[in-house]
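See structure below.
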Amino acid sequence: MLPLSFYLRPDVVALARALLGKVLVTEFGDGRTAGRIVETEAYNGRLDKASHAYKGPTKRTDVMFGEGGVAYVYLCYGIHHLFNIVTNAGGEPHAILIRGVEPLEGIPVMMERTGAAAAGPALGRGPGKVGRAFGFHATQCGLSLLGPEICLYDDGFRVPDDELGISPRIGVDYAGADAALPYRFYLKGHPSVSGKPR
DNA sequence: ATACCGATTAACT
DNA sequence: GTTAATCGGTATA
């Protein structure tokens, strides 16, 4: 399991890159699910207009201002529960959005949660679907990433340099100049990456 | 107390 | 390509 120290590094953008290829496991009592992270986005706290933490702490974003190594889950468009990893020690409210996960374990559970008719990489393609497939809910905001409900592993998988994709983030056009920052990381050509293939 | 809106998705035309 | 679904957070009064 990735140690707490992994989440306390100061460079949230490098950390978003480092999370690619790691294995995410959730166990919320209705089945264990696991998958490989193939798409992430970094949100750089107070310096980043696209971050929910840009204007300072609120009841919703408080968890980002505490110590890293916990989950930030919030409801988007009234429908989707998006899962983020909070990083850095208290102070800078950094977070990394998990946008794409390749299903590895508990695929029948994911199908039941999402209502999908078929198994496949689409189960974890897009942040809203990751939230559903892995059973995330806004009430889980603040849970530790060191277990038992949520944990992350390094199983030895490495992303080859020529399969690393970098781009601006998706859906943050309102953020002005910050919308153009190259803070999105993904595995080139992987079927569980959202958006059009590049 | 009330109005507006989003780190999305799926189902349309 | 366009749009409905759906609701808590945030801003404004």
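Naming convention: chains lettered A, B, ... in sequence-line order (proteins, then strands); numbering from 1 in each chain. Just so we're clear, the structure is a prediction, and the values are computed from it rather than from any experiment.
Inspection of the A:Ser167 and A:Arg184 side chains reveals an N or O donor paired with an N or O acceptor under 3.5 Å. A:Ser194 and A:Arg99 share a side-chain donor-acceptor pair at under 3.5 Å.
Computed from coordinates, the A:Met64 CE to B:dA7 C1' distance equals 10 Å when rounded to whole Å. Taking atom CZ of A:Phe136 as the reference point, atom P of B:dT9 lies 15 Å away to the nearest angstrom. In this structure, A:Lys55 atom NZ and B:dG6 atom P are separated by 12 Å, rounded to whole Å. Distance A:Tyr74 OH to B:dG6 P: 11 Å, rounded to the nearest Å. Distance, A:Ile79 CD1 to B:dG6 P: 14 Å, rounded to whole Å. Between A:Tyr77 atom OH and B:dA10 atom C1' there is a gap of 14 Å when expressed in whole angstrom units. Here the P atom of nucleotide B:dA11 and the NZ atom of A:Lys129 are 10 Å apart, to the nearest Å. For A:Leu123 and B:dT9, the CG to P distance is 13 Å, given to the nearest whole Å.
Between A:Tyr74 and A:Arg60, the shortest heavy-atom distance links the atoms CD1-NH1, 3.4 Å. When all heavy atoms of A:Glu67 and A:Val86 are compared, the pair lying nearest together is O-CG1, 4.2 Å.
The base-pairing partner of C:dT12, taking Watson-Crick or G-U wobble contacts with both distances under 3.5 Å, is B:dA1. Remark: C:dT2 base-pairs with B:dA11. Criterion, Watson-Crick or G-U wobble with two distances under 3.5 Å.
Within the 4.0 angstrom heavy-atom criterion, no nucleotide atom of any strand lies near A:Arg169. Across all strands, A:Gly128 comes closer than 4.0 Å only to sugar-phosphate atoms, never to a base (heavy-atom distances). Heavy atoms of A:Leu97 sit under 4.0 angstrom from at least one base atom.
In A:Asp161, the CG atom is not crowded: 12 or fewer heavy atoms of neighbouring residues, nucleotides or ligands sit closer than 6.0 Å.
For C:dA11, neither phosphate oxygen OP1 nor OP2 lies less than 4.0 angstrom from any side-chain nitrogen or oxygen of A:Arg60. Phosphate contact (OP1/OP2 of C:dG8, side-chain N/O of A:Lys59, threshold under 4.0 Å): absent. Of the side-chain N and O atoms in A:Arg132, none sit less than 4.0 angstrom from OP1 or OP2 of B:dT9. Distances shorter than 4.0 Å separate none of the side-chain N or O atoms of A:Thr58 from OP1 or OP2 on C:dG9.
The aromatic ring of A:Tyr174 does not sit over the base of B:dG6, since the test of centres under 5.5 Å and planes under 30° is not met.
Counting atom types as modelled, A:His52 pairs a side-chain N or O with a base atom of B:dA7 as donor and acceptor under 3.5 Å.
One C1' atom belongs to C:dG8, the other to B:dA10, and the distance between them is 22 Å to the nearest Å.
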